[in-house]
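Okay, so here's the structure we're looking at.
A, B, ... follow the sequence lines: proteins, then strands. Residue 1 opens every chain.
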Amino acid sequence: MKTAITPTRAENFSEWYQNLIVAADLAENSPVRGCMTIKPYGWAIWELMRDEMDKRIKASGVQNANFPLLIPIDFFNKEAEHVAGFAKECAVVTHHRLKMIDGQLQPDPDSKLTEPYIIRPTSETIIGDAMARWVQSYRDLPLKLNQWVNVMRWEMRPRMFLRTSEFNWQEGHNVFATAQEAHEDARKMHKIYGDYMRDVLAIESIMGEKTPEERFAGADHTYTLEHIMQDGKALQAGTSHNLGQHFAKSFNIQFLGTSGKLETAYTTSWGTTTRMMGSLFMVHSDDDGLVLPPFVAPYQVVVIPIVREENQDTLNTYAEKVGEQLREKGIRVLVDTSDMRSADKMWKWIKRGVPIRIEVGSREMDNQAVTVTRRDLGKSSQKTIDIKNLSDDIQEMLQTIQNDMLEKVKKRNLEMITNVSGLDELDNMLNDGKIGFFRLKYEHTLDSKFDDLMEKHKISRRCLDDNDPNYVFVAKSY
RNA sequence: CGGGGUGUAGCUCAGCCUGGUAGAGUGCUUGGUUUGGGACCAAGAUGUCGAAGGUUCGAAUCCUUUCGCCCCGACCA
C-alpha cells in the first residue's frame, strides 16, 4: 500500500520524521544556521499548546513577566556550575554598530562593547538579579514568575523541533523562604507538566528525578519528563529544577524573616519548550503523516465537499451549513471549498493530521447525512451518519479520539519498557536489537561496566523511577 | 567540534570522471476530459548549477578557499 510519507517509520525513522514535517507544512530550515522557521500551521499548534500551558501555569499562582534577551557576561559568571554547563554553547554580542568597510557591512571595530552580552540560553541569572531586588521581606515570598520567550544555545547538531539553536519556551522561576517549599514546588510543577502532557498532548510521560550525572548545572534536584518515541528512543520533554540556594547565594536573594534575621531564599526553575512539538509529532504520527490529538489540532474537523460541476454550488452551501453547525459548538472547523481535486484535499488534510474528516457529496446531501473518518484509525473507521445530532456526535468523537490516542501511547509505553536484572542482561538485549527503555537497579549503573555499555550502545540514564527511586530507566535518546 | 556524504528548476535528482554555454520526473500555469483514498491528454513558464577566487579561448564539470544541509560521534530543552 502506498503511504503518504516515504520512507516509512520502519524503513528510516529519522528521515520519516523530517519528511513528516515538510509534508504537514509545520516548519522549514531557515537561512540561519541551526534555526528553523515555524510555519503558520505549525505555529497554530504551538499557540494551542502554549495557551493551555499558560492557563495552567497561571492557575498555579504564577505571574508572567518579561526579561531581557541579553545577559551581562558577568551575571553568568556568578554561578560556577551553571557557567560550566552552558559556556560551550553561548552566542555572544560584542558590538553595537555596523559600518561599511570595503563595501561590506561589518561590526564597527570602534563599537566594541567593553563588556559583551550573552544571548540568553536560559534566564536564571538575570531573573535572579531582579529577584534579589524584589525580595526584601518574608512577605514578598513566595514570588512566582514565568516568561514565554526565545532562547539560544549554539547547538552542534540541530534537528527540527528536537534541538534547534534558537527555540521558544516558557521558563518559570519561583522563590521561596524555605527548602521544603522549594522542594514541593519543583515536584508540583513536574506534576503539572505530567498532567498537561497526558490531558492535552495525549502522551503519558515517564517521570522521575535525573540522576546526579544528568542533572541541570546548578540544581540540587532535576525532575524530568521523558517521552518514548515510536523507535524506542527517549526525548526529554520538560524539566523542573530545585535549585536550592545556589542561585539565591550567587545573586544575594535574601529576605528578613519573621524573626528579624536576614535569610537566604530557595529557588526553583521549570521549563517546557517547542521540543514538546517534536515529541507530539513523533509519538502520534504514522506513515501517512501527522496525527494530532483534537486538543491541539488547529482544525479539529475538515469538511470536504465532493463536488461535481452540476452540483458545486448547492454542495458547497451544504458543506458550509455542516461547518456552521459544528462551529456553533466551538469545534474548530475548516470547510475546504478550495479549487483542488477532492482526492488531493483529503491527502492534504490527512498529512496534516486533522482528527476528523467529513466528506459530503450528493449522496450525503440527499440523505441529510455526512461521511466521517477518524484520522487516528484511518479508512476503516469511515461511516455515514445523520446530521441531526452532528455537533454532539462529533464532539463526543473528538473526546474519544483524544482518549484513544492516550490509551494507545500508554499501551505502547508498557511494551517499550523492559525490566532487566543486571548489566549482562541489558547488554544481551541491546545486542539482540531490543529497543525502548530498560529499567534496572540504579546501583548497577554505578559499576564501571555500565560506562562501557553506555559507550557501546549509545544509551544513557534517563531518570529514576518515581515509584521506586532505587530503579533507573536507561535508553537511547534524541 | 571530529569522521563520512552532499549542494544543479518549488521538490527529488541526472549531467561532472573525459571542460564546449542546462536536463528528467514531480510540482506549477492554461485549455479540455475527469472527480467518493493521490486522474488523463495537450500546450506553457521556471535556473546567477551554494558562494568567492583561480586555471582556460571557454567551467555545473578541473584546482583552492568558504558556507549550508544530511548521517555517525561528543554536548544538550
(message) At 4.0 Å (heavy atoms only), tell me whether A/T272 reaches a base, stays on the sugar-phosphate, or touches nothing.
(response) nothing

(request) If B/A74 has a Watson-Crick or G-U wobble mate with both distances under 3.5 Å, name it; if not, just say none. (result) none

(message) Between B/G25 and B/U64, how far apart are the two C1' atoms, rounded to whole Å?
(response) 35 Å

(message) Please report whether the ring centroid of A/F247 lies less than 6.0 Å from that of A/H82.
(response) yes

Which atom pairs link the protein and nucleotides 75-77 of chain B when you take only N or O atoms and keep those under 3.5 Å?
unit_1 : atom_1 : unit_2 : atom_2 : d
B/C76  : O2     : A/R163 : NE     : 3.0
B/C76  : O2     : A/R275 : NH2    : 3.4
B/C76  : N3     : A/R163 : NE     : 3.2
B/C76  : N3     : A/R163 : NH2    : 3.4
B/C76  : N4     : A/Y478 : O      : 3.2
B/A77  : O3'    : A/Q236 : OE1    : 3.2
B/A77  : O3'    : A/Q236 : NE2    : 2.7
B/A77  : O2'    : A/Q236 : O      : 3.2
B/A77  : N6     : A/T164 : N      : 3.2
B/A77  : N6     : A/T164 : O      : 2.9
B/A77  : N3     : A/T273 : OG1    : 3.1

(request) Only one of A/N413, A/V474, A/I417 passes side-chain contact (heavy atoms from CB on, under 4.5 Å) with A/F437; say which it is. (result) A/I417

(request) Map A/P158 and A/E455 onto RNA chain B by nearest heavy atom, then report which one ends up closer to the 5' terminus. (result) A/P158

(message) Closer than 3.5 angstrom, by distance alone: can the side chain of A/K210 be matched with the main-chain N or O of A/H221 as a donor-acceptor pair?
(response) no

(message) According to salt bridge (charged side-chain N to carboxylate O under 4.0 Å, His left out), who are the partners of A/E324, at least two apart in sequence or on a separate chain?
(response) A/R327

(message) If we ignore hydrogens and angles and just use 3.5 Å, is the side chain of A/T125 paired with the main-chain N or O of A/F75 as donor and acceptor?
(response) no

(request) Could you tell me whether A/G278 contacts a base, only the sugar-phosphate backbone, or nothing, with contacts defined as non-hydrogen atoms closer than 4.0 Å? (result) nothing

(request) Check every strand shown and say whether A/Q18 touches a base, only sugar-phosphate, or nothing at a heavy-atom separation below 4.0 Å. (result) sugar-phosphate

(message) Are A/I435 and A/D231 packed together at the side-chain level, in the sense that at least one heavy-atom pair is separated by less than 4.5 angstrom?
(response) no

(request) Report which part of the nucleic acid A/I304 touches: base, sugar-phosphate, or nothing (heavy-atom distance under 4.0 Å, all strands). (result) nothing

(request) Scan every strand shown for a Watson-Crick or G-U wobble partner of B/U35, both distances under 3.5 Å, and answer none if you come up empty. (result) none

(request) May I ask you to say what A/E364 touches in the nucleic acid, namely base, sugar-phosphate or nothing, with a heavy-atom cut-off under 4.0 Å? (result) base

(message) By nearest heavy atom, map A/M454 and A/V307 onto RNA chain B; which one lands nearer the 5' end?
(response) A/V307

(request) Counting Watson-Crick and G-U wobble pairs only, both distances under 3.5 Å, name the nucleotide matched with B/C16, or none. (result) none

(request) Give A/S279 one of three labels, base, sugar-phosphate or nothing, depending on what nucleic acid heavy atoms sit under 4.0 Å from its own. (result) nothing

(request) Measure from CZ on A/R308 to P on B/G36 and round the result to the nearest Å. (result) 7 Å

(request) Please report, rounded to the nearest Å, how far the P atom of B/A74 is from the CD1 atom of A/I459. (result) 12 Å

(message) When you compare the side chains of A/R462 and A/S460, does any donor N or O come within less than 3.5 Å of an acceptor on the partner?
(response) yes

(request) Kindly write out the residues that satisfy side-chain hydrogen bond (donor to acceptor under 3.5 Å, both in side chains) with A/S279, not counting sequence neighbours, or none if the list is empty. (result) A/H227

(message) Between C1' on B/A39 and CE on A/M340, what's the gap in Å once rounded to a whole number?
(response) 16 Å

(message) Donor-acceptor check, side chain of A/S60 to backbone of A/I57, threshold 3.5 angstrom: yes or no?
(response) yes

(request) Quote, to the nearest angstrom, the C1' distance that separates B/G7 from B/U48. (result) 15 Å

(message) From the set B/C69, B/A39, B/A74, return the single nucleotide nearest to any side-chain atom of A/N29.
(response) B/C69

(request) Kindly indicate whether the side chain of A/Q382 and the base of B/G37 share any N or O donor-acceptor pair separated by less than 3.5 Å? (result) no

(message) Could you tell me if A/T222 and A/H241 have a donor-acceptor pair between their side chains, going purely by distance under 3.5 Å?
(response) yes

(request) Using only heavy-atom distances, determine whether the side chains of A/T371 and A/T384 contain a donor-acceptor pair under 3.5 Å. (result) yes

(message) Using Watson-Crick or G-U wobble geometry with both distances under 3.5 Å, which nucleotide pairs with B/U61?
(response) none

Look for any protein N or O under 3.5 Å of an N or O in nucleotides 24-26 of chain B and output each such pair with its distance, or none.
none

Polar pairs (N or O, both sides) under 3.5 Å between protein and nucleotides 41-43 of chain B?
none

(message) With rounding to the closest Å, how many angstrom separate the P atoms on B/U30 and B/A22?
(response) 28 Å

(request) Using Watson-Crick or G-U wobble geometry with both distances below 3.5 Å, tell me the partner of B/C11, or none. (result) B/G25

(message) Any strand counts, and the cut-off is 3.5 Å on both contacts for Watson-Crick or G-U wobble. Which nucleotide pairs with B/A45?
(response) none

(request) Just call it for A/K348: base, sugar-phosphate, or nothing, with non-hydrogen atoms closer than 4.0 Å on any strand. (result) nothing

(request) Using the C1' atoms only, state how far B/U6 lies from B/G50, rounded to an integer number of Å. (result) 11 Å

(message) Using only atom types and a distance under 3.5 Å, with no angle test, would you say the side chain of A/Y196 pairs donor to acceptor with the backbone of A/M49?
(response) yes

Quick one: which protein N/O atoms are closer than 3.5 Å to N/O atoms of nucleotides 29-32 of chain B? Pair and distance per line, please.
none

